[in-house]
Amino acid sequence: MMHRTTQQLTTGWSLKQADAASEDGWLPVQTVPSQVHIDLLANEKIPDPFVDANELAVQWIAEKDWIYRTKFSVPSSSDGVITDLVFLGLDTFATVTVNGTTVLQSENMHISHRVHISEHLRQDGEDNELQIVFHSARQAGDKLIEQHPEHVFHVRQTEASRIPVRKAQYNWGWDWGPILMTAGPWRPVILEQYTYRIDDVWTQYEISADNKTCSGTLYARIKAAAAQKVDAYFDVILSLSYEDKAVFEQKCRPAPDGLAKTIFQLDSPALWYPHGYGTQPRYQLSAKLVRADNAELDEQVKVIGLRRCELIQEKDEFGKSFYFRINGIDVFAGGSCWIPADSYLAQISKDRYFDWMKLMVESNQIMLRVWGGGIYEDNALLDACDQLGIMVWHDFAFACANYPVYDAFLKSVEEEARQNIRRLRSHPSVVIWAGNNEDYQVQERYKLEYDFENKDPESWKQSTFPARYIYEYLMPRWVKEEDPSCIYHPSSPWGDGKPTADQTVGDIHQWDLWHGPMSRYQDSADLSGRFVSEFGMEAHPHLGTLRRVITDPKQQRPGTMMMDFRNKAREHQRRMLTYVTENFLVPSDLPTFTHVTQILQAETMRYAYKAWRRMWGQPGSRRCGGVLVWQLNDCWPTISWAVVDYHLVRKPAFYAIARALKPLDVGLSRNCPVWTSGHADPFSCTNSDEFELWIASSEQETVEVDITVKFISIESGELVSETINTRTLAKPNSTTEVLAKQLVKVHNASAGTFDPFVIYAVISVGGQVVATDTAWPQPLKYLDFSNRNIKEDFSPSGDEVTVWADLPVKGFVFEEREGLKLSDNGFDLMPGEKKVVTVNGKDVSAKELEWTYVGA
């Protein structure tokens, strides 16, 4: 019996188009994992699809078949040793041969494969040839639709050929991403030899209500070589360690089916919490396979976290609650939605995943929703979430379509679901699985058959919305069988069978902003739900990102062909310009237009996050349990809803979210009459004098807070009313209402006087400012921001800049670029206040930073 050995096949690969002449056209592949576009681009066979309109020049790739091949040798081995090839991800329709013999045919990008190849290997140390043919997924999708006329393939976003194909759906393009149909070995290919191996190790456990004990079962699954049996010749040592010290260990004998298990109990367990609510301790879970003489055959170690997670759905005065409770603490889930980080998944490094997740905690975000049109995310991303304290809401890989339920499809989906639940179940960050993204909105749009009161799953399969069978019958069963303590939610959005826009139950996708009626962002308080799992506002990325991908200076203007091509959202010209023109003076140059879109997005974030976090309320009265912006990231350099662009360059909206989600934050709301009606009085609309103030806290103790509210003339910088100074106790993990329907009494107000003022609130704890907020007259375009007289000063080392102004300033923004990190950006300046910003980045000095503001 031998110890398991592994070798990742990363080098020595080559690629060619399948219809090329037999030995012509082979191109070197730098490394595997890879995908066709990566290798064609590296060999200068295609232009960069991310630049200009080159996306259109590479569409032919989707219509071709592609071959990857390599050679490998296998160490000579004794009898009873088996050799496997392990494919962690093949994209997507793949035929695998070893030395000319077909050993695997795969049709699902989301699953891994283990193939026994011992009988196909050449002897005496000769090289073996591995070849993988990747067939056109788009063409395969068309054929599958033809083969299943019994189903109507309704689709939102791009074309129907994606629906029957188990491939990342965004490859067909989305309203933020290009059409780039990838193919290739997108996850590692591994050569493995063993006699016996540990297939998996996991735990199922419960935390007591007082958090003082953790009890459950440790499991390991043992697999034997084909000629072997799981027998009495070995034991499995199952153990838990914490901070390099064993806290539990038990030797046990596996059952004939290969399952080894033992019950355990820990007293005073170290529990995992979301960032800001506690620490993120983790345990090492180990399964070691040993012979009777204690010789080790295999070991598998996982880093796990222990925590108790509940989804609280209770009837209350607002309908039915929807919020998370971790280890007994109610948690407001402020965060983001996540799309794949690249159009080419094979090139995302572990470090890049970690850098993305660091942005989450730097902006006080604690929940990431992995959207259903991408992939079951990489272990590296989940490891980062575990380490940093980010809760993960993970959709199953279905999005915006009417999916079928024919037998082959269901068989593939079951393997996909079970594999990925098993792979991710040890991550404490994963707190909920959702069945899909917006498929019940497809049901509503196309009036597909759905009767929530009908509880007969077999009848669902015969309806025009058969995927209900997957989401409400199969998925909950699979989750319960593979990870019994995990929360399952049938869809996002979903509310107990009610319309998906119902604001009283479940989660909602609030697209009355941007989409739909294009509601004012100033009215966010009226657009809340029990949990807002999507909402957003588009904005340009910073200029450096745009100029890298739109190379013709003549095209670097709002409304040009390339600018429009860069934005994939339907009707984006009308929607973005409507929001801009309602709120700002409309510029024609790219730098100013970019800036106002960024402030538009940041203001939307400020209004929405603050208003909906205010509705966190008190224990037992949680009107809104969380807010997730659509979206954190981009998969290519583009104009979209992302708050951080493809190159990890932050937009001002990123900082607006960070401010709104501080552990202790102050919020202002100001009466905001409609100014767009034909007979509105613009003077009274702009200078409304009623406001409210509250404090939002995620602190677990009561905090004594000093509050200052000033009313400052935008024209003169002078105070127009008496300053309010007060002190209050901010309730723990709650909203504390401080001022309600407060009227501002303006000094020397006289008929015909128009002196717009901004309301400026500051809260301090122990003499230290912890948060500020501003409530400006609306719309901003009616205000005169000329002659602000902004000044700046720099530290001798060049890593710090201080800015201040004589008059109130809206939307002060430093121009950011890749590799630059600022402590804050996109902020307002008030007279008498100095803003200090730290600057980090290789070879970057604060003196080099360009800046602007609204009305500059």
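Residue indices begin at 1 and follow the sequence shown.
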Side-chain donor-acceptor contacts of residues 40-48 below 3.5 Å, not counting sequence neighbours, with atom names and distances?
residue : atom : partner : partner atom : Å
Asn43   : ND2  : Pro28   : O            : 3.0
Asn43   : ND2  : Asp39   : O            : 2.8
Asp48   : OD1  : Phe50   : N            : 3.0

Measuring from [X]:[atom1] to [Y]:[atom2], what's the distance to the nearest 0.5 Å?
X      : Y      : atom1 : atom2 : result
Leu388 : Leu368 : CG    : CG    : 11.5 Å
Asn567 : Met576 : CG    : CE    : 6.0 Å
Phe654 : Asp645 : CZ    : CG    : 12.0 Å
His113 : Leu104 : NE2   : CG    : 5.0 Å
Asp378 : Ile348 : CG    : CD1   : 7.5 Å
Asn108 : Asp91  : CG    : CG    : 10.5 Å

In the structure I gave you, are the side-chain heavy atoms of [X] and [Y] within less than 4.5 Å of one another anywhere?
X      : Y      : result
His515 : His509 : no
Arg282 : Gln387 : yes
Glu816 : Leu822 : yes
Arg548 : Tyr646 : no
Trp174 : Cys400 : yes
Ile639 : Glu538 : yes
Ile61  : Trp66  : yes
Pro591 : Leu543 : yes

Without swapping roles, check the side chain of [X] against the backbone of [Y] for a donor-acceptor pair under 3.5 Å.
X      : Y      : value
Asn825 : Phe814 : yes
Asp386 : Ser429 : yes
Gln35  : Leu345 : yes
Gln59  : Ile179 : yes
Asp298 : Ile198 : yes
Thr638 : Arg566 : yes
Ser136 : Ala62  : yes
Thr70  : Gly12  : yes
Gln556 : Ile550 : yes
Gln419 : Ser112 : yes

task = Could you list the residues that satisfy salt bridge (charged side-chain N to carboxylate O under 4.0 Å, His left out) with Glu126, not counting sequence neighbours?
result = none
key: Test salt bridge (charged side-chain N to carboxylate O under 4.0 Å, His left out) applied to Arg156 - qualifying residues, sequence neighbours left out   = Glu438
Within 45° cone and under 6.0 Å: Lys651 NZ/CZ vs Tyr655 ring = no
Trp630 six-ring centre to Arg369 NZ/CZ under 6.0 Å and within 45° of normal = no
Examine the side chains of [X] and [Y] and answer whether a donor and an acceptor come within less than 3.5 Å of each other.
X      : Y      : answer
Gln8   : Thr10  : no
Thr6   : Glu192 : no
Lys167 : Thr182 : yes

So which atom in [X] and which in [Y] form the shortest heavy-atom distance, rounded to 0.1 Å?
X      : Y      : result
Glu534 : Cys337 : CG-SG, 3.8 Å
Gly372 : Asp395 : N-OD2, 3.1 Å
Val392 : Val370 : CG1-CG2, 4.0 Å
Ile145 : Pro164 : CG1-CG, 4.1 Å
Gly544 : Glu815 : N-OE2, 3.9 Å

Are [X] and [Y] within salt-bridge range, i.e. N to O under 4.0 Å?
X      : Y      : value
Arg166 : Glu415 : no
Glu414 : Arg418 : yes
Arg114 : Asp84  : yes
Lys302 : Asp200 : yes
Asp355 : Arg352 : no

Classify the ring geometry between [X] and [Y] as parallel (under 30°), tilted (30 to 60°) or perpendicular (over 60°).
X      : Y      : result
His394 : Tyr376 : parallel
Trp641 : Trp514 : perpendicular
Trp338 : Tyr353 : tilted

Surrounding [atom1] of [X] (heavy atoms of other residues, nucleotides or ligands, distance under 6.0 Å), is the total greater than 12?
X      : atom1 : result
Arg122 : CZ    : yes
Glu55  : CD    : yes
Gln573 : CD    : yes

request  = Evaluate the side-chain contact (heavy atoms from CB on, under 4.5 Å) criterion for residues Asp634 and His647: first the C-alpha distance (whole Å), next the side-chain angles of each, then the deciding distance (0.1 Å), finally the verdict.
outcome  = CA-CA 9 Å; Asp634 277 323; His647 299 292; over 6 Å; no
ask   = Looking at Trp393, Trp176, Phe396, which one forms a ring-ring contact (aromatic ring centres under 6.0 Å, His included) with Trp371?
value = Trp176
task = Could you please spell out the steps behind the side-chain hydrogen bond (donor to acceptor under 3.5 Å, both in side chains) verdict for Asn437 and Ser492?
result = CA-CA 5 Å; Asn437 171 80; Ser492 183; 5.3 Å; no
Worked verdict on Trp636 versus Lys568 for side-chain contact (heavy atoms from CB on, under 4.5 Å) = CA-CA 11 Å; Trp636 73 319; Lys568 300 301 184 182; 3.6 Å; yes
key: Arg425 vs Val430, side-chain contact (heavy atoms from CB on, under 4.5 Å): CA-CA, chis, key distance, verdict   = CA-CA 7 Å; Arg425 65 187 167 188; Val430 179; over 6 Å; no
request  = Under the side-chain contact (heavy atoms from CB on, under 4.5 Å) rule, what do Asn436 and Tyr403 come out as? Steps first, then yes or no, please.
outcome  = CA-CA 10 Å; Asn436 65 82; Tyr403 288 90; over 6 Å; no
